[in-house]
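Everything below concerns the one structure shown next.
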Amino acid sequence: MGQITYNVSPTGAYFINVRVGNLEIPVVVDLGLTDPAGQIGFALAPEIFDRLEQSGQLSRPRGRISRDASGHFSTVKSAESIACLVDPASHQPVGPNTRIFISRGAPSVPSRVGVVFFHRLAECRVIWELDRRSWIILYP
């Protein structure tokens with residue numbers, strides 16, 4: 001198995017690199033980003049979502065009802081794309097490709113990846129080394 005390692009940021013967040021469509025994007029791991037339907041794996045910054053949409057990297061567009069931390073509901077754009085992990089050193093895609101829905105995130109909120117993406121990474125393992133403050137992903 002191959003291995004990639006990400007370290008905690010100075011702010012305490014864990015970022016990983018992914019390729020969504022044709023863009024390499026750093027995304028913060030957000031275990032609170034959940035989707036009861038098990039489809040939405042990413043909430044991307046509006047400018048990134050719009051760039052993917054304009055370049056034809058998104059398919060099956062639809063609206064999605066979303067609720068923020070204050071309990072307010074809104075309808076946000078979402079669409080499907082191909083996503084995979086990216087090795088932060090070589091910037092090469094690694095591990096399996098997965099088809100997953102992406103929603104257009106809120107302005108001024110960093111792009112995030114949720115548990116649904118990790119559930120779709122067949123044969124991969126995630127290891128949190130809490131004492132070393134690192135996030136390790138083993139991939140086939």
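No hydrogens, no waters, no symmetry mates; every other heavy atom, side chains included, goes into these values. Keep in mind the model is a prediction, meaning the values are calculated, not measured.
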Would a single hydrophobic cluster contain both Leu44 and Leu31, if residues Ile, Leu, Val, Met, Phe, Trp and Tyr are joined by side-chain heavy-atom contacts under 4.5 Å? yes
Could you walk me through whether Arg19 and Asn97 pass the side-chain contact (heavy atoms from CB on, under 4.5 Å) test, one step at a time? CA-CA 9 Å; Arg19 179 165 290 157; Asn97 286 327; over 6 Å; no
Shared hydrophobic cluster, Val86 / Ile100 (ILVMFWY, side-chain heavy atoms < 4.5 Å): no
Mind checking side chain to side chain contact (heavy atoms under 4.5 Å, CB included) for Leu58 and listing every partner two or more places apart, or none if nothing turns up? Phe49, Leu52, Glu53, Ala79, Ser81, Ile102
Heavy-atom side-chain contact between Ser134 and Val8 under 4.5 Å: no
What distance separates Ile137 CD1 from Ile127 CD1, expressed to the nearest 0.5 Å? 10.0 Å
Within this structure, what is the CZ-CD1 distance for the pair Arg112 and Ile40, rounded to the nearest 0.5 Å? 11.5 Å
Trp135 and Val115: same hydrophobic cluster, using ILVMFWY side-chain contacts below 4.5 Å? yes
Considering all heavy atoms of both residues, which atom of Gly63 and which atom of Thr75 are nearest to each other, and what is their separation? CA-CG2, 4.1 Å
Arg99 versus Gln39, side-chain donor and acceptor atoms under 3.5 Å: no
Taking every non-hydrogen atom, the tightest pair across Gln57 and Ser55: CG-OG, 3.1 Å
Ile16 vs Pro26 side-chain heavy atoms within contact, under 4.5 Å: no
Is the Lys NZ or Arg CZ of Arg125 less than 6.0 Å from the centre of Phe118's six-membered ring, within 45° of the axis? no
Distance, nearest 0.5 Å, that separates OG of Ser111 from CD1 of Ile48: 3.5 Å
For Cys124 and Pro140 the tightest heavy-atom approach is SG-CD, 3.7 Å
Would Val94 end up clustered with Val27 when hydrophobic side chains under 4.5 Å apart are linked, directly or stepwise? yes
Considering only heavy atoms from C-beta outward, does the side chain of Val126 approach that of Ile136 to under 4.5 Å? no
Side-chain touch Thr98/Cys84, heavy atoms, less than 4.5 angstrom: no
Within residues 6-26 or reaching into it, pairs that qualify as ring-ring contact (aromatic ring centres under 6.0 Å, His included) - sequence neighbours excluded: Tyr14-Trp128
Are the side chains of Ile4 and Leu85 in touch, meaning some heavy atoms are under 4.5 Å apart? yes
Check: Arg132 and Asn7 side chains under 4.5 Å, non-hydrogen atoms: no
Say whether Val76 and Leu33 are linked into one hydrophobic cluster, either directly or through other cluster members, by side-chain heavy-atom distances under 4.5 angstrom. no
Ring pair (Phe, Tyr, Trp, His ring centres under 6.0 Å) with Tyr139: which residues, sequence neighbours excluded? none
